[in-house]
Amino acid sequence: MDITIIGAGPRGLMTLGRLIAWQTQQTNEPIAVTVVDAYPIGGHVWRTDQPNELIMNTPAQQITLYADDSVKMAGENTVTGPNLSEWSDRAETAAYIRQQHYPQEAFFLAQTAALQPNDYAPRNLYGVYMQWVFDDMMHQLPANMTVSFIQATVDNVTPKNPGYTVTTSEQSWTADQVALTIGHYVMRPTEEEQKFSATAAANGGFYLPPILPGDTDLSAVAAHQPVLMRGVGLSFYDYVSMLTEGRGGVFNRQADGHLTYEPSGQEPHIIAGSRRGFPYYPKGYNKSIRRTN
Ligand SMILES: Cc1cc2nc3c(=O)[nH]c(=O)nc-3n(C[C@H](O)[C@H](O)[C@H](O)COP(=O)(O)OP(=O)(O)OC[C@H]3O[C@@H](n4cnc5c(N)ncnc54)[C@H](O)[C@@H]3O)c2cc1C
C-alpha cells in the first residue's frame, strides 16, 4: 500500500509514528510512505533557520512527538522516545547537532546544554528535535515498510478510483491513501488588509499582514522609526522579541524577578494597541514534574 502524508509538521510526523507502530505489528502487506512538505522535516512553523529569539509557549517537558502510556489509543504503542527536555539532556544530542551542520550550531548546542524541563525552548530547537525524531523513526522502521521524503508544495490531490494522484510542480505519483496534515492555511489578504497595505504604501510606510513572524523581513524598520502593532497576542511578543533582542538589546533578570531592558539603540518606537486594550495574561510558571513510571 502507498500512503502519502502531506505536511511534515508535528501532526504529519506523529501520523508516521502511528503507521510505523501499526506496521510493526502486522506482517502481511508492505507499505511505502511518502512524506511531502514545502519545508524540510519539521515543517514551516518550526523551521530551524528562523530567528533564535522566537520561543515556544509550551514547557520543554510537555513537548513530544511520541505517545506514552498516558495516551489511550487503538493499537500498541511501539514507537517510543524522549520528550524535548529529555532529548536535550542526552549525551548523544550534541553529536547529532554537530553532524547536521546547522548554521546556528553553537546556539543549538548552548540551548540543549542549558534547557530545563520547564523552560520555553526556541522554536528552531524544536525543529531540530523533530528532524532527530524523523531520523530515529527511520531507525525503528520494520522490514516491510519504506519511507521517503519529498520537499515540495503539493498543488493537487485528485481522487482516482481507487486512490489518488498527488501532484507537485516537479512530479506526480499515485497513492492508495493520503493523510492531509497541513496545519493552518496561509490566507489571502482580506479587503481590510489590502486597504491597510494600500494606505501604508501611499504614505511611504509598509504594512505587514498577519503571517508567521519568523518569516518576516524587518530590515526595512529603521531604528527609532514608529511602528504600529495591531493586537497584543502571541505574534506581538514575537515582533517585540525580534525588534529588541533581535536588534542586540538585552533583557536582564533582577534579583526580585523583574526584567529590565538594556537597549542597543537599534530599536524602533513600538506603538501597540488592541481591541480590548489589555495584553493577554502571561503563562503561569509550570511546576509539574513529569511522571517517570
Ligand atoms: C508562530 C506559531 C507558534 C506556535 N507555538 C506553539 C507552541 O509553542 N506550542 C504549541 O503546542 N503549539 C504552537 N503552535 C501551534 C502549532 O501550529 C502546532 O503546535 C503544530 O505546529 C501543528 O502541527 P501540524 O502538523 O498540524 O501543522 P504545521 O506544523 O503547521 O505543519 C503543517 C505542514 O504542512 C505543510 N503544508 C501545507 N500545505 C502544503 C502543501 N500544499 N504542500 C506541501 N506541504 C504543505 C506546511 O509547510 C507545514 O510544514 C504555534 C503556531 C504558530 C503559527
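Note: hydrogens, waters and symmetry copies are ignored here, and every other heavy atom, side chains too, is used. For ligands, and for the atoms within them, numbers begin at 1 and follow the listed sequence.
Scanning the protein heavy atoms around atom 31 (O) of ligand 1, the nearest turns out to be Gly9 CA, 3.7 Å. Protein heavy atom at the shortest distance from atom 40 (C) of ligand 1 is Val154 N, 3.7 Å. Among protein heavy atoms, atom 7 (C) of ligand 1 sits closest to Asn57 OD1, 3.1 Å. Protein heavy atom at the shortest distance from atom 29 (O) of ligand 1 is Pro10 CD, 3.3 Å. Scanning the protein for heavy atoms near atom 44 (N) of ligand 1, the closest one is Ala38 N, 3.3 Å. Of the protein's non-hydrogen atoms, Val45 CG1, 3.8 Å is the one closest to atom 2 (C) of ligand 1. Among protein heavy atoms, the minimum distance from atom 26 (O) of ligand 1 is reached at Arg11 NE, 3.2 Å. Nearest non-hydrogen protein atom to atom 16 (C) of ligand 1 is Trp46 CZ2, 4.1 Å.
The Thr181 neighbourhood of ligand 1 comprises atoms 32 (C), 33 (C), 34 (O), with distances under 4.0 Å to a heavy atom of that residue. Taking every heavy atom of Tyr39 and a limit of under 4.0 angstrom, the matching atoms of ligand 1 come to 47 (O). Which parts of ligand 1 touch Gly7 is read off a 4.0 Å heavy-atom cut-off, strictly below it: atoms 33 (C), 34 (O), 35 (C). Using a 4.0 Å cut-off to heavy atoms of Gly43, the atoms of ligand 1 that qualify are 49 (O).
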Stepwise side chain to side chain contact (heavy atoms under 4.5 Å, CB included) test for Tyr66 and Val71: CA-CA 10 Å; Tyr66 298 99; Val71 182; over 6 Å; no
Derivation and outcome, side chain to side chain contact (heavy atoms under 4.5 Å, CB included), residues Leu218 and Tyr239: CA-CA 9 Å; Leu218 295 175; Tyr239 284 117; 4.1 Å; yes
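The option from Leu180, Thr58, Asp238 that lies nearest to atom 11 (O) of ligand 1, judged by heavy atoms, is Thr58.
Residue contacts with ligand 1 for Leu212 involve side-chain atoms from C-beta outward but no N, CA, C or O (heavy atoms, distance under 4.0 Å). Proximity of Ala152 to ligand 1, defined as any heavy-atom pair under 4.0 Å, is confined to the backbone N, CA, C and O atoms.
Pro189 is linked by a side-chain contact (heavy atoms from CB on, under 4.5 Å) to Glu193, Gln194, counting only residues two or more places apart in sequence or in another chain.
Heavy atoms of Arg123 approach ligand 1 to within less than 4.0 angstrom. Residue contacts with ligand 1: Gly214 is excluded, as none of its non-hydrogen atoms falls under 4.0 Å.
Put simply, CG on Leu243 and CG on Asp238 are 10.5 Å apart, with the number rounded to the nearest 0.5 Å.
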